[in-house]
Structure formats: C-alpha cells, structure tokens
Amino acid sequence: MASFCALFYTVLVNIVINNILIASENNISYNSNTTMYPDQNSTFNITDVYTTTEPTQFESTTRISSISPEPPEPDLPEDPLPLSGRLPQPDISVAAMCPCDMHIDVCDMNCCCDKKCGPELALFTACSVHTVRGSRRLCNQEVATYSLSTTIDGYSELQSSVQYDKNYDCIYFQNRVDGLYHPPPALPTDRNFDSIFEKFTSFNFSPDSGQGSAIEPQTSPGYQYGDIMQTTVANGQRDIIYLPSSGITMDCVDSNPAAFLNKQSNRCSRRVDLQQDCESLSALSMDTYTSFQVSSGKSTAAALVPVEVASLVLQSLEGAQTEVQFSDGDFLPVLLNPRLCANVVLEVAYVVQYNPAGEIVNVAASLVLGYVQDTPMPFEQVFEIRFSEEDGPEVVVQFSGNPGYVVGLPLISAYKTPEGLSRSINPKNTLSLLQSSVDQDCLQGPQLRSQILFGHNSVTGCTLRLADITNCTLISQVLLDVLRGQNYPHFVASFGNSPIEKSLDWVAIRRAFNPQDSQGCGIPLSLHLEIEWTKYGTLVNPQAQIVSVKEIIQTNTSQLTLLSGGSAVLPVQTSVAFISVSAPATRGYRAMPTIDAKLPFDFFFPFV
C-alpha cells in the first residue's frame, strides 16, 4: 500500500509540473498605449495597440528546474519563415479622431474636425487642429488635414482630406509577419550545424565570385531621365548639382541632388548667426550656385558648360525688387551692421537646356538677392530647376494656357519700359490682391499678397487704424501702394501664351483714380478689378480671351480729423470679378444666289 501511494504521488507531481510549463509558455502580456503627441499645437499623432510576447520570470525558473538532466536546446522552426510582408494597417481611423472635441454634443469653436459643427463652421477664423497623423511606426501614415477657405461672401468653408503619407525612416519590408521583434537565432549544435551552415551560405556575395552583372552599362554619351548631373568646380574637382530642400523639418538640407529631367521646386528655412555666417557661410553666397561648370554628358571626356547668370534681382527690406546687371559690381554677402546682412541669396532658379541626345548645352540661373535681419525666426530660401529641349520652344516663363486662359492659373502681367513691355520670370510677380490674415494692419508689418487666378472671384482686405496726427496726402499714397502692391503692372496678356514682343496681344489696365482730383481728404479704402473676358474661336473648342481690365477705387467721404484718434477702425479691401461678355451664337442662313445675266444689246434685232 505504501508503494502504491508513492507511485500515485509521483504521477500527480509530474502532471502538475507539465501544466505549469504549458501555462507559462502560453502566457501573453498585452500592452496598450494610446497617446496623443502635440506638435506645434496643431498636429496630433496617434500610436497603435501592439501585442508582445515575452518570457516571464516564472517561466525561466520552471525550465531550469526541469527533471531532465540535459540542458534544453532551442526549438528549431518546423516550417520555414514566411515571405516578407508589409506592416499591418492601423485599426484606428484618423478621420474619426478629433483631439479638440472637448464637449459632447456641442460644437467646439475653431474645432474643424468636430462632427457637431454645422452652420457654426461659417464663423470659424482658424482651425485649432490642422492635421491628425496615424502611427509613426507604419511606413504609410494616414493623415487627416483640415483647413479653412473664404467664400465670396466672406464666410469660412471647411476643406478636409484624408491621405497616406509615406514614412521614409522606417523599414518598408520585414522578415516576419509579427514584424515588431526578431527572436534570437538558434545556437549551433552537433545536430543542427549542417542545416544552419547551408541556410546562411546558400548565396555568395563576394565581388570576386565570377558572376557578372546582368545589367549592361549605358553607352549613351548623354544623360537619361533620373541621372545625377555632374559638375566641375574651380579647382578641377568633380561633384554633382545640389538643390537644397527641406528634410523632416523645414530646415534646408544642402545634400539633395538634382536629377536630369526631374523638375523640382523646393522651399526651406535656414537659421544663421549673422555675425559669424554672413560672409562665411557658402549657402548665402551666389558664387555657390553659379561658379561651377556642368558636364554635358556622363563620360569623362564630356564638354563643360558654364552656368550663365540670366537674371539678377535685388530685393529691399520692404520687398521692392530691382533688376541689375551681373557685371555692374560684386554681389557677395556683406555685414552692414551686427543685425543686417546684405546680398544674401533668397531665390535661385535654373533653366537647363538639352539636345535630343541628352547632352546639356546651356544652363541659365536667375537669382534674387536681398537683406536678412537678425531675428529669432529663420529666413526662407526658394530653389527651382526646369528643363527645356534645344530644338523645342524655349521655356523661359510659365504660361497660363495655350492659347486661351485656363481656370485656376494666374494672370500674366507686364510692365511698361522705354524699350517696350517687360515681365518677370517669377510667376509670383504678377497682378495680385491683398492676402487676408488674422488682424492684419494696413500700415504695419509686411503685406501678404496672393495671385489673381483666372475665373476666381475673390474679396480680401486689411484693417486701417489711424493715429492722432496723420498727414492725409501721405496716408493716401501709402494706402494706394498697399492696395495695388509694390510692383503694380500696367498690362495684362489677352491670352495665356501671349508673347512679350507682340504689344497688340496685351490689354492695358484702365485707371480712373487720381488722388489729387479728390476733394478734401480722399483716402482709398477699396480697390476693385473688373476683368471682362470672352470665348474666342470655334464653338467646338473656344478659348478664353481677356478683352478689358478696369480698376475701380473708392475713397472715404468723411474728414480725416473725424477718423483719427486711434479709436476708428476702417476695413480696407481688394476684390476682383471676372465678367463674361461672350455673345451667344446665333443661327444664320446663306442668302439665295442671284443670277447675273447680261444679254447682248442686239439680242432682239431686228424686232426691236
């Protein structure tokens, strides 16, 4: 009986130990962490819920106290690892997330993602949350964007979209389905050494393996699409063309290469210490972007093409631009005082011309130099590169249609000079209106401008606050410059591709306002542009043509003394309206043909 009890007790202990081992191996801990990370008070990031499998302390203790006297070996996978797959998509939709929704069933002011906001959206001034991003661990992040636009009546209108943003800092492909961790490799033993050796030596990556490349080298002397364009600097050292761009942040990254036939337009910010970087930082000097030669092809014997300075524009602190000749002097950065640096590169635009063989034949650069002040905020630089074929039409400026205007593209304007009409290669230097912003004062700070787009009626403005002592003539001229802009053009192209040398294809802006003609104190408070256009051509494919541009300026009717004192606040606005004057097509009929019959004078002789 005693032996039977001992045997029963041993079997019971073994069953309990086996159950503990099975339970510890199947132990899974769930860790969920849902956090919102604010970024500049307008961007929120949402992390996902992941499941992790980790051995517990009890599990390791139980394995060591196993009855088997031999140390356990790691289990080899019975099935091969699955093929590479993509990371799983998040279960949380950013379109349903609204971090600024603090009240239930109540519209939160300026919370653009609040589903309870209906008619209240028209009164919003700005979105408190602009973007909501998904998990940063995923390669394709889901991003919800919210913004406000202004209708023709001055009310706000919500613009929202949900799209995927690719994360270039993550591993796009993974080796296991779980993807978030990799188990330690199996330790080699006498039994599994041969299998591990075959697994990790099945491919030989040695360059001397005798296996030639399957891709034949390119024998074309010119560049192909996507090739990095090579350069040669003054000391003969070879390099490539760099076009600075923004990286993860808006800060400039100077190591961005420019590829052949790849049009780019980049904006980035640069933080500098003027006393140390004004005359020493190469990114501020125009020589960095013009003092090199471009190889016409990929071969080492290719000809070198110098960079030609096609346009050089100097910009003042107030934003006024003046074109100068490159040979007129030295335009290197210079420190005027501890808080002001002159001749700093603000914009660079390249136009690369190539032939049908892919060889570069000409490189033209247009630069804008200006002043940079010592402020806590960084200044912005703009870089652009475009390509045009040698035998094709020369692409120096951007058009807005061929030939008629296209709805949504900016109007083309020009200035009158003694030599004729002139226009800027920068599409921003065109007919524009004030750009509305929060509490924008007409007499303080830089004035933001927005382009006039064909077919888009708009109303913008600013706020006028007058001081106690104010000169009427001075205020009138300043406000007129604010309404028209610094570079107010004189002509507008009738078609979207009107050449600058054909003056008959340009329509003069009709102006009827003269500050000296107004009686008393005539301060301009509004500028309205009436642009009349018509459909030109056949009924099958009519083209939009501008036939008239009229400027209407309204002034105040009260005295200046009644408006001064600092308490009077006047709205100043600019507006544009496109009016169609196309005549409707009328049905017409051809006239019946007439018979022009002439009889000889003696036809009825001798009867008559």
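Here, residue 1 is the first one in the sequence, and each next residue gets the next number.
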Under a 3.5 Å distance rule, please check whether Tyr242 uses its side chain to pair with a backbone N or O of Val253 as donor and acceptor.
no
Could you please spell out the steps behind the side chain to side chain contact (heavy atoms under 4.5 Å, CB included) verdict for Lys116 and Asp101?
CA-CA 9 Å; Lys116 297 298 180 180; Asp101 188 4; 5.7 Å; no
Nearest 0.5 Å please: distance from the CD atom of Glu380 over to the CG atom of Leu346.
9.5 Å
Between Gln264 and Phe383, is a side chain to side chain contact (heavy atoms under 4.5 Å, CB included) present by the stated rule, with each step listed?
CA-CA 8 Å; Gln264 297 186 43; Phe383 301 92; over 6 Å; no
Would you indicate whether Cys98 and Cys113 have their SG atoms under 2.5 Å apart?
yes
Any chance you could measure Tyr225, atom OH, to Leu261, atom CG, to the nearest 0.5 Å?
7.5 Å
How about Cys117 and Cys112: are their SG atoms under 2.5 Å apart?
no
I want to know whether Phe387 and Phe260 have ring centres closer than 6.0 Å.
yes
So, Glu120 side chain and Met109 main chain: donor-acceptor pair closer than 3.5 Å or not?
no
When you measure from the side chain of Tyr155 to the backbone N and O of Leu121, does any donor-acceptor pair fall under 3.5 Å?
no
Please round to the nearest 0.5 Å and tell me the distance separating atom SG of Cys127 and atom CG of Leu148.
3.5 Å
Taken to the nearest 0.5 Å, the spacing of Ser575 OG from Leu527 CG works out to 7.5 Å
How long is the straight-line distance from CG of Asp254 back to SG of Cys268, given to the nearest 0.5 Å?
7.5 Å
For the backbone of Ser245 and the side chain of Asn256, can you confirm whether one donor and one acceptor N or O come within less than 3.5 Å of each other?
no
CA sep, side-chain torsions, deciding dist, call: Gln451, Thr430, side-chain hydrogen bond (donor to acceptor under 3.5 Å, both in side chains)
CA-CA 7 Å; Gln451 294 176 332; Thr430 182; over 6 Å; no
How about Thr574 and Thr460: does a side-chain donor come under 3.5 Å of a side-chain acceptor?
yes
Rounded to the nearest 0.5 Å, how far apart are CG of Asp505 and CD1 of Ile500?
10.5 Å
Main-chain N/O of Gln573 paired with Ser526 side-chain donor or acceptor, under 3.5 Å:
no
Give a yes or no on whether the backbone of Pro499 and the side-chain of Trp506 come within a donor-acceptor separation of less than 3.5 Å.
yes
Is Asn110 reaching over with its side chain to a backbone N or O of Thr125, donor-acceptor style, under 3.5 angstrom?
yes
